Amino acid sequence: MTLKSALAAFGAVSFAVFAAPAFAQDAAAPPAPADDATIFVFNTMLFLIGGMVVMFMAAGFCMLEVGLVRTKNAATICVKNLALYSVAGLMFWLLGYNLLYGVEDGGFIGSFAVWGADDAATQSRDGLRAALDEGTGYASGSDWFFQMVFVATAASIVSGTLAERIRLWPFLAFVAVLTGVIYPIQASWEWGGGWLNAEWYANLFGAEFSDFAGSTLVHATGGFAALVGALALGPRTGKYSENGAVRPMPGSSLPLATLGTFILWLGWFGFNGGSQLALGTISDAIDVSTIFINTNIAAAAGVMAAMAATQMLFGKVDLTVALNGAIGGLVSITAEPLAPAIWQAAMIGAVGGIIVTLTVPVLDALKIDDVVGAIPAHLFCGAWGTLIVPFSNADASYVAQAVGLLSIGLFVTTMSAIVWFALKFAVGVRASAEDEAVGLDVAELGLEAYPEFAVR
Amino acid sequence: MTLKSALAAFGAVSFAVFAAPAFAQDAAAPPAPADDATIFVFNTMLFLIGGMVVMFMAAGFCMLEVGLVRTKNAATICVKNLALYSVAGLMFWLLGYNLLYGVEDGGFIGSFAVWGADDAATQSRDGLRAALDEGTGYASGSDWFFQMVFVATAASIVSGTLAERIRLWPFLAFVAVLTGVIYPIQASWEWGGGWLNAEWYANLFGAEFSDFAGSTLVHATGGFAALVGALALGPRTGKYSENGAVRPMPGSSLPLATLGTFILWLGWFGFNGGSQLALGTISDAIDVSTIFINTNIAAAAGVMAAMAATQMLFGKVDLTVALNGAIGGLVSITAEPLAPAIWQAAMIGAVGGIIVTLTVPVLDALKIDDVVGAIPAHLFCGAWGTLIVPFSNADASYVAQAVGLLSIGLFVTTMSAIVWFALKFAVGVRASAEDEAVGLDVAELGLEAYPEFAVR
Amino acid sequence: MTLKSALAAFGAVSFAVFAAPAFAQDAAAPPAPADDATIFVFNTMLFLIGGMVVMFMAAGFCMLEVGLVRTKNAATICVKNLALYSVAGLMFWLLGYNLLYGVEDGGFIGSFAVWGADDAATQSRDGLRAALDEGTGYASGSDWFFQMVFVATAASIVSGTLAERIRLWPFLAFVAVLTGVIYPIQASWEWGGGWLNAEWYANLFGAEFSDFAGSTLVHATGGFAALVGALALGPRTGKYSENGAVRPMPGSSLPLATLGTFILWLGWFGFNGGSQLALGTISDAIDVSTIFINTNIAAAAGVMAAMAATQMLFGKVDLTVALNGAIGGLVSITAEPLAPAIWQAAMIGAVGGIIVTLTVPVLDALKIDDVVGAIPAHLFCGAWGTLIVPFSNADASYVAQAVGLLSIGLFVTTMSAIVWFALKFAVGVRASAEDEAVGLDVAELGLEAYPEFAVR
Amino acid sequence: MKLVTAIIKPARLDAVKTAVLAAGVEGATVTDVRGFGRQKGKKEVYRGTVYEPDLLQKIRIEIAVEDADVEQVVEAIRAAARSGEIGDGKIFITPLDDVLRIRTGERGTTAL
Amino acid sequence: MKLVTAIIKPARLDAVKTAVLAAGVEGATVTDVRGFGRQKGKKEVYRGTVYEPDLLQKIRIEIAVEDADVEQVVEAIRAAARSGEIGDGKIFITPLDDVLRIRTGERGTTAL
Amino acid sequence: MKLVTAIIKPARLDAVKTAVLAAGVEGATVTDVRGFGRQKGKKEVYRGTVYEPDLLQKIRIEIAVEDADVEQVVEAIRAAARSGEIGDGKIFITPLDDVLRIRTGERGTTAL
Ligand SMILES: Nc1ncnc2c1ncn2[C@@H]1O[C@H](COP(=O)(O)OP(=O)(O)O)[C@@H](O)[C@H]1O
Ligand SMILES: Nc1ncnc2c1ncn2[C@@H]1O[C@H](COP(=O)(O)OP(=O)(O)O)[C@@H](O)[C@H]1O
Ligand SMILES: Nc1ncnc2c1ncn2[C@@H]1O[C@H](COP(=O)(O)OP(=O)(O)O)[C@@H](O)[C@H]1O
């Protein structure tokens, strides 16, 4: 190698790899960044590992729900959770991803196209650098995987609320539309770079809409769909008597519900941490760490707040509300897990825990039958988390947050209503009263979840 | 530092680290690879993280099996799963690893030697580079760990099939031989670089045998061992009456079985993804992402296919078959999770789900009592996945796949038969009819899995 | 860029990134290390991923304990585990971390200050290098997260021992003091660089105290606190009759206890592996791999030893003791998971399994009622693991280990006794005999863990 | 006095309870039982195997009543438990020599 | 009519069911119960503690029969339930004043 | 012979068992049941909803005794089961025509 070619090579290298430390003599300069290939792998790993634990949230929702339904519907809720995760994956491949990310800047809907991996952009040195600059320096498949497991989460929320009375196949039909169409369209408005991120929006409402990991896009969306479903279906037979009395139908296995909550808590590190979308730089690594802490503190505060609130209001700690409190805290911090100071995260989560405690009975008073408390935890706390973003993030605006939340709420509610009522009239969504009485397990599946156990 | 030494150092650097971008002026050149130490760490992390989630599959199998046996055998299946994972780890250290990887190129069996970490090769710059080129640039211990958890998987398969009637210690004796001897020898033929990878084999049958993550090597092997065990043991007392009637013995806790399936699904990302064996380059990161997607889609398709098939054939969705369908889809894609297009992965997995649905009753018709459906899911789908590799991978040959599968099947079947019958005549493997009636928990362990629950 | 600036930049680069291969011509030289930013990210990932799986141990403890208590106290143990993890996180933020790591070299106690992230040191090139040299080259938040989940582990141990008779809020008060004050102070002596690491200590006792991942600092500490609690509370009503008979109160769900054990086993890879505190270099990656192997082998040996011991002593394998054996093996290897050869790790773990088997009945003979066997597994095996460190690590001294263990034992015992008795006299810690009879679930929470299941 | 023991379908428990309370009964004891009789289990398929569950879930209600109230109580149960399908169950009437209330030690009909 | 109530070992349920069906019985009601008597629990070791379970799992079968069939049914149960070991159980015969079939309202032996 | 059937609070089972053994009883059969009567469930709050459980856990003990022993056994049960609070339960005494020990075929009081 001649001096000249060595220097030429070197020049390229210093541009490509060492662009930052141009003033490299200065010991106080920021550290040289990792090289681009390394950053690419780190980013991809973030999605894959984060995606794995978020995938495991499917098990968490399943356990939470199976623990909170009665034994006679426990196998059905298992089938639903297994199937909804499957359907979500298939629909997000066939339709969802490109509806979400195929949207134009400032647009309202993406494109109708089956997704396929495309890593051409990152195969050249400059292409990779450009991708890293744009925040897309990762394997395209890892991104798909990560986004897919998010969709499944939204669907899980619905299954919990509507448990014990919805028929299996109509439920899955709704899930297919939710995960293939409704969720992607509204998410495209924000994460796809659609109109909630448009300049006119920011000008009009003070800032772009901001939803870091999906308090609104995932959780409130699932919650809205669940709420409309609960209204379309009506409550479980016998849940509310005419005289206004509410009949408790206690969950059949609180240990499994607790396990489910722990699994969800675990998964949330992937959910929020992975939403940083990058891990290849020092600052990304620091940010992901901050997100882990805020996520954990918010959940912890949600638990303690729900425990304290149930103790004070009802004279006893209610485990099932404490579990909802953990979820409520987690959902609350999801819109902005990075910006808050720890005390802010604690406060945001604690309010989430209190919201859950207060609104669970409110839904019952309204005769909206939400079997597992998903509407308080995901919808109400999702709204709270979204609206409180400007408290810790100066770049956000309360008005912009409210407008975004309402827009998405309106869209999801309308679309869900159309689908629920279409299904209702076309095929019927609700199990017959008799099937409900014997339980969906025997009625729909012809088996029992706990066949040997004597059940009262 | 003088210019001369600087340039000398630089020259070395450009060779070591920037070998690829020799034409570094060209912006369209591939990105510079990460440096060797980084690649080494990435590769090691892939094994460690992948290994962790595969390790957790031991819990998944345990939960799946405990949910599908009757309460009176539930504690015993827990002991078996805990112990088989332990035995597998010890045997793979004492015997297995070197029997597997100590094989000569084209050979039939490795060496008899206790395994010990050896990282000498990667301690020098050139040694590391050479190791990376050969695909062995990782901590030797991380490789051992990853391979070890695979062995445990094969043993788990056996425990499910033979549940509710096999005695504890003879079962563990079989596991010791399976994980220390039988599994390693057959796996050496392929993953050790043995005869299934030999040139003569490729010449004779059109290609080397190809089994990316072990549809045959792990799953069919476990399935063959289980099948022979089921024949050696006979069915549970009362399972088949003389008039041909099959008595269902429903699983005692479908929620736990569902949890187990989700854990297995999670673990499979490590199982298949980790089998890429490298994560330090852009292309490896992309490949691992592809593997994640195909793995997930195959499982999802397996679930939906099994649900649809049970609905059509039996008039009802059968949750337990849907769970088997997930496993069937996963096993089917395991032989080749990288090459298929997504639609191919979906198809491969869906067929897996259908295979399971159709063959579960066939085994019953043959009076082969497979308590958890492991033979359909692991053996039949393992065979299917192996044979279908050439559908997506042009480098594979149908004949080569069939010959490999049959060879391994023959070997594992013969060896297992020898061990099962030796155990049968030496110490007896089957619990007495009376012990079976009261349940192995009380008979063998002197306790009950659910002592306070009233059981019908 | 002029030649001069190029060369200047280059010089800096070669110092920063390529310091090691100064003699780069030598192919036998060690491989060039990864660049500093990469190492930073790797280290941070180790903490985050390790921390995630250790966090999941909270679920593991919860399942182990809920499986080993009776149904009537199952919901309460769930609340306790959920809340203790929450309290631990909050207290370690408010008090614990700085009490632990704010200690002076050779000191006895850290500072009273709320923790906040501080990543200033690693923002400059030289600062980062210095941090890496000192072993602190990671995101400060990732470190906090990792240490926090350790604290929670210690608290989990206490909840298991005292189950079925301790009241909820007093228990949580104790947990707050344990995780906010007691644990951090004693841990500061070793991990904070306090007096157990002082030169005078090493001179006096032959070596510094050595506890890699916390056999003493985490497990024995939890065990001491639990032991004092058990003495302060007394045994469950009816457990021991005057005539010396012990009434077994079998765990209500051994499958859940088994699941919990598998989760703990999984988490332990993060617990011990993450305690390497670094993953960015080849040697760290190799070390972490070694730790994984030793951790796994010790647990496997613990299981098999406990199974063999119960078989020989009691004539039957006892699943619950085998589960304790896994934990015992894991705790035993935790003081030194890196230095032992595999056979040493196997031996250390096996002894742990035997210790558990032998001491579970001893506690009963002493009428110390440890509901889940946490004192044998965590305290006795923690002591064993600590004392045996010099067997494999030549830099440790038996005397130094014993002195450290006793010092910490004395401190934790004294502090715990003060807190337990203060709580006892101030508010009372023990549920009334009547509450104990109906079960804490109904008495304290007003609900049942398994409300539909008929319980004997 | 008589002991009236009814074997009914689980889904009818609430209705029967309400009915007997309305008929003046002050207490009853309920047991989860299984029964077989003319009613056959619905054919089910489990993992591809068709079978008929042979023992069906039933509820057993025992009520101690004064002789004078027997017919009224029996009729209340019958009306509330009846769906008209096979398997609705039976009511058994057996003699009851004496009753004692544990709390007070009262005997006979005052103990009911 | 009589009510024949047998307390048997759980493992014998299938055999007894088959036997009474063969003896002309058309229905029966089964309850999971626990019992104590001469039979002692097998000594067990749990976590190193030796103990004897004091209540053993039993099955209670209740069959309403016509007076004429009592001996035949009792004998069928006895033969099928017997293993010859302590703890095989008991058969109680108690008077049954009347029976009513809920579905039809039939009374007496036709309701059996 | 008589069949003495007691409905008691679950927490009293051990005491009652000890008492009847002391009173010379050699065996008994125990069933988990639920009951309603004068005793009301404690008001509970579940997820913010106040409710009263309507069926309470009880234990049913059946003991076959010789006529001569009836009062002694009844008194032993009463004393051991009594807490003095509403809901302590009832003891029913019903006629028992005959008993058979399955193992030996013995009938009558010798079969007890
Ligand atoms: N001879 C009998 N003795 C005791 N219980 C019976 C008897 N016959 C029926 N039963 C109980 O009554 C239930 C219903 O009886 P079945 O013959 O199925 O229908 P039906 O009540 O309409 O005649 C059975 O499941 C069983 O529990
Ligand atoms: N006096 C009794 N009253 C009610 N049930 C009894 C009585 N004696 C025995 N039993 C029941 O019969 C079962 C078997 O009785 P046991 O004395 O153990 O053996 P055996 O039937 O051989 O005499 C007991 O477990 C109990 O359920
Ligand atoms: N008439 C009855 N027939 C059958 N069982 C009854 C009757 N009355 C009460 N019981 C049983 O006795 C239990 C206690 O009765 P309850 O009226 O609550 O209190 P007390 O025994 O103090 O009168 C009830 O839960 C029920 O199981």
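Owing to the predicted nature of the structure, the values given are computational and were not obtained by experimental measurement. Chain identifiers are assigned alphabetically (A, B, ...) following the order of the sequence lines, protein sequences preceding nucleic acid strands; residue numbering begins at 1 within each chain.
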Nearest-0.5 Å distance, [atom1] of residue [X] to [atom2] of residue [Y]:
X	Y	atom1	atom2	result
C:Leu447	A:Leu319	CG	CG	6.5 Å
C:Leu94	A:Trp343	CG	CH2	13.5 Å
C:Thr71	A:Leu254	OG1	CG	12.0 Å
A:Met307	C:Leu445	CE	CG	8.5 Å
A:Phe262	C:Asn81	CZ	CG	5.5 Å
C:Ser142	A:Ile286	OG	CD1	9.0 Å

Taking every non-hydrogen pair under 4.5 Å, which of [options] racks up the most with chain A?
options	answer
C:Gly141, C:Ser253, C:Ser140	C:Gly141
C:Ala74, C:Gly89, C:Gly51, C:Ala58	C:Ala58
C:Phe145, C:Trp93, C:Phe56	C:Trp93
C:Ile49, C:Asp119, C:Leu82	C:Leu82

Distance-minimising heavy-atom pair for [X] and [Y]:
X	Y	answer
A:Pro255	C:Leu256	CB-CD1, 3.9 Å
C:Ala139	A:Ser289	CB-OG, 3.3 Å
A:Val69	C:Glu452	O-OE2, 4.4 Å
A:Ala27	C:Ser124	O-CB, 3.8 Å
A:Ile282	C:Thr122	CD1-O, 4.3 Å
A:Ala308	C:Trp169	N-CH2, 4.4 Å

Report summary line: Answer key: most heavy-atom pairs under 4.5 Å with chain C among A:Leu266, A:Val455, A:Ile297, A:Thr258 is A:Leu266
Query raised in the report: If you count heavy-atom pairs under 4.5 Å between each of A:Ala454, A:Ser252, A:Ala285 and chain C, which one has the most?
Result: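 With the most close heavy-atom pairs to chain C, the winner is A:Ser252.
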Query raised in the report: Given A:Phe269 and C:Leu48, is the side-chain contact (heavy atoms from CB on, under 4.5 Å) satisfied, shown in steps?
Result: CA-CA 9 Å; A:Phe269 295 115; C:Leu48 294 181; over 6 Å; no
Query raised in the report: Would a line drawn from the ring center of C:Tyr85 to the ring center of A:Trp265 be shorter than 6.0 Å?
Result: yes
Query raised in the report: Between A:Phe453 and C:Tyr450, does the ring centroid distance fall short of 6.0 Å?
Result: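 Distance test on ring centres: not under 6.0 Å, no.
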Check whether [X] gets within reach of chain A through its side chain, its backbone, both or neither, counting any heavy atom under 4.5 Å.
X	result
C:Leu168	side chain
C:Ala117	neither
C:Thr44	side chain
C:Leu128	side chain
C:Val66	side chain
C:Ala443	backbone
C:Met52	both
C:Leu259	side chain

Query raised in the report: In terms of heavy-atom proximity below 4.5 Å to chain C, should A:Ile39 be classed as side chain, backbone, both, or neither?
Result: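 It is neither, since no heavy atom gets under 4.5 Å.
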Report task. With a 4.5 angstrom heavy-atom cut-off, could you sort out which part of A:Thr281 is near chain C: side chain, backbone, both or neither? Result ->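 Backbone only.
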Query raised in the report: Does any non-hydrogen side-chain atom of C:Met148 lie less than 4.5 Å from one of A:Ile293?
Result: no
Query raised in the report: Going by heavy atoms in the side chains, are C:Thr38 and A:Phe42 under 4.5 Å from each other?
Result: yes
Query raised in the report: What do the steps show when you test A:Val317 against C:Glu444 for side-chain contact (heavy atoms from CB on, under 4.5 Å), and what is the final call?
Result: CA-CA 8 Å; A:Val317 170; C:Glu444 289 222 275; over 6 Å; no
